[in-house]
Amino acid sequence: MDVFDREMSRETIFKDRNVLSPHYLPDHLPHREAEIERIMKILAPSLKGKKPNNIFIYGKTGTGKTATVKHVIDKLIQAKEKYNANVGSVYINCRTHNRKYQILLKIAEILYPDENFMGFASTHLYDRIMDYIQNTGVIYVVVLDEVDQVKDVDDLLYMLTRANDHLQQGHIAIIGISNNVTFMDKLDPRSKSTLMQEEMVFPPYNAVQLKSILSERVAQAFKPGMCKDSALELAAAYAAQESGDARYALKLILRAGDIADEKGEPVSDIHVKQARSAVEEDIVLDLISTLPEHPAIVLYAIASLIREGGKYPTLGGESGEKFLFSGEVYEKYEKVCREWARKPRSARWYREYLKELEMMGLITLTMSGKGIRGNTQLIKLAFSPDKVLSAIEKKFE
DNA sequence: CCTCCACAGGAAGCGCAGGAGT
DNA sequence: ACTCCTGCGCTTCCTGTGGAGG
């Protein structure tokens, strides 16, 4: 009996592990009923051949934006069959298709599945797309997930929305999804007003909501009684702390499930706690791997200063939390740069790196208030310095 | 109260790379 | 093949801000 045989014959606590994967689309989305209804209402005119409004959806990661939209699109396609309506749709993830050209190409490829558009100019793609819509009179819903990733958004939106003015029949409707608040400010006012005919904000889930989301999935993923209620509750509580991220909650339970499965035990609190540390490590590693060189060095400077205690250790003394001063970190950053034979960036740009690191959730920034001279940012590391340091050292070999 | 500190963050501009237009 | 244009990453310069210190 070899390893394969033993693994195959082993009893597992999972019924369907796949249900917990980040790509799994559940049939039922708890606590998003109102959002689903609103989007359906907005899209409903398309079934009668009328143009629906464009929608812009904003919400933090793990608030169910993508799942909700995909769910509604599924329903729209079902309704299309039922009422024999002339509607179509594409879902495009702009992280992988982050330029106007790639998006037009993707649309063209779907509209003309038998043709090869490689190497065609984007104006040609545009014309062909317009031809299709004009000739068929279809109402075409384009979902742009993570729109903020598109380099030439203004161009793209202008092109797609202005197209509608030239169409005698048919229409392009846009659903934009983003988790970046500042994205709206960077938009051209014209594209802003067209994209945001309807604006929706998806709030983060609270602990109670996360619990009910988890329990639905857990019931499908594990065999009966193989995931304790307390474990589920703990995972929900951890995720609620992490800004209500349902994806994080699912990751936790999946990881905890794997740990428990290995031992052949039902999932309990201990496994969730272990999973948390493991998932956190994954996240740190993942974030740092995509980090450009200089932000990584800045982060390294922060982590090593935290470990050394910093120039002004535990100032303020609030629960012993260690804060660093912006200037102090910049000096350290310059020093590390010299040691690693890199030319340090200017202090101005260093501040941009700090903001970037904050947006990624690697550090937290607080403006200095009472008790501190001058007006400066106080920097706190979101993860353990040792994990961060080793991850960055690994990155630089 | 004024001044100084220790920065924050806006504006302008620069060199470069890669596409679009011709 | 060539110019032109545009976005990106960055520097330089500058004005603004909130509290400390005298």
Side-chain angles (χ1 to χ4, degrees), chain A residues 94-108 117-130 144 146-160 162-163 178 180-192 290-299 301-302 305 310-313 315-318 322-338 340-360 362-381:
Chain A
C94 302
R95 186 188 292 279
T96 42
H97 300 78
N98 58 6
R99 268 155 46 197
K100 179 180 73 179
Y101 176 76
Q102 291 179 15
I103 290 163
L104 293 176
L105 181 65
K106 172 111 183 187
I107 297 172
F117 288 99
M118 283 298 283
F120 279 61
S122 61
T123 44
H124 180 252
L125 294 176
Y126 173 80
D127 289 342
R128 294 299 305 273
I129 293 167
M130 285 311 117
L144 299 172
E146 305 190 58
V147 243
D148 48 304
Q149 298 289 323
V150 182
K151 310 282 178 195
D152 39 8
V153 224
D154 285 320
D155 248 26
L156 175 76
L157 292 178
Y158 183 68
M159 212 172 195
L160 289 179
R162 202 189 48 137
S178 165
N180 187 349
V181 220
T182 56
F183 166 70
M184 319 184 203
D185 309 329
K186 284 189 293 183
L187 269 182
D188 188 290
R190 278 176 308 175
S191 19
K192 197 169 159 182
T290 63
L291 221 50
E293 192 172 65
H294 282 273
I297 299 175
V298 170
L299 188 64
I302 293 167
L305 279 179
K311 213 197 267 177
Y312 315 87
L315 206 136
E318 300 147 35
K322 286 182 180 173
F323 287 111
L324 298 174
F325 284 61
S326 171
E328 170 191 15
V329 171
Y330 184 66
E331 278 172 29
K332 179 76 178 177
Y333 158 74
E334 285 182 304
K335 210 173 131 200
V336 178
C337 276
R338 278 198 300 277
W340 294 2
R342 305 295 202 288
K343 195 184 165 224
R345 300 290 183 257
S346 70
R348 180 67 189 84
W349 205 243
Y350 150 79
R351 275 172 234 139
E352 297 294 321
Y353 289 154
L354 282 185
K355 282 212 304 194
E356 194 181 318
L357 291 173
E358 188 195 26
M359 281 216 300
M360 294 177 75
L362 284 161
I363 60 173
T364 43
L365 298 174
T366 330
M367 269 303 206
S368 66
K370 263 208 293 195
I372 291 153
R373 204 164 200 282
N375 181 29
T376 182
Q377 298 263 35
L378 300 175
I379 301 162
K380 210 178 101 193
L381 194 59

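Chain naming here is simple, since letters A, B, ... match the order of the sequence lines and numbering starts at 1 in each. Computed from a predicted structure; not experimentally measured.
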(message) Please classify the nucleic acid contact of A/E352 as base, sugar-phosphate, or nothing, using heavy-atom distances under 4.0 Å.
(response) nothing
Scan nucleotides 13-17 of chain C against the protein and return all N/O pairs shorter than 3.5 Å with their distances rounded to 0.1 Å.
| residue | atom | partner | partner atom | Å |
| --- | --- | --- | --- | --- |
| C/dT17 | O2 | A/N375 | ND2 | 3.2 |

(message) Nearest whole Å is fine: how far is C/dG9 P from A/K355 NZ?
(response) 15 Å
(request) Walking along DNA chain B from 5' to 3', note the first and the last nucleotide with an atom under 4.0 Å from a heavy atom of chain A, and give both. (result) B/dC5 to B/dG19
(request) May I ask you to test the A/I302-A/L354 pair for a side-chain heavy-atom distance under 4.5 Å? (result) yes
(request) Identify, with sequence neighbours excluded, every residue that meets side-chain contact (heavy atoms from CB on, under 4.5 Å) alongside A/P344. (result) A/Y333, A/E334, A/C337
(request) Please list, chain by chain and in numerical order, all residues satisfying side-chain contact (heavy atoms from CB on, under 4.5 Å) with A/M360, sequence neighbours excluded. (result) A/L287, A/T290, A/L291, A/L362
(request) Could you tell me whether A/S346 contacts a base, only the sugar-phosphate backbone, or nothing, with contacts defined as non-hydrogen atoms closer than 4.0 Å? (result) base
(message) Rounding to an integer number of Å, can you tell me how far A/L378 CG sits from C/dG19 C1'?
(response) 13 Å
(message) As an exercise, state the distance from CD1 of A/I129 to CG of A/L104, rounded to the nearest 0.5 Å.
(response) 5.0 Å
(message) Just the rounded figure in Å: distance from P of C/dC8 to CZ of A/R345.
(response) 17 Å
(message) Taking only side-chain N and O atoms of A/W349, does any of them lie within less than 4.0 angstrom of OP1 or OP2 on C/dC10?
(response) yes
(request) Taking the side chain as every heavy atom from C-beta outward, state whether A/L365 and A/I379 have any pair of such atoms under 4.5 Å apart. (result) yes
(message) Suppose we screen for salt bridge (charged side-chain N to carboxylate O under 4.0 Å, His left out). Which residues come up paired with A/E358, at least two apart in sequence or across chains?
(response) none
(message) Taking any heavy-atom pair under 4.0 Å as a contact, classify A/Y330: base, sugar-phosphate, or nothing.
(response) nothing
(request) Could you pull out all residues at least two apart from A/R345 that satisfy salt bridge (charged side-chain N to carboxylate O under 4.0 Å, His left out)? (result) none
(request) Write down the atom of A/R342, the atom of A/H294, and the distance for their closest heavy-atom approach. (result) CB-CE1, 4.2 Å
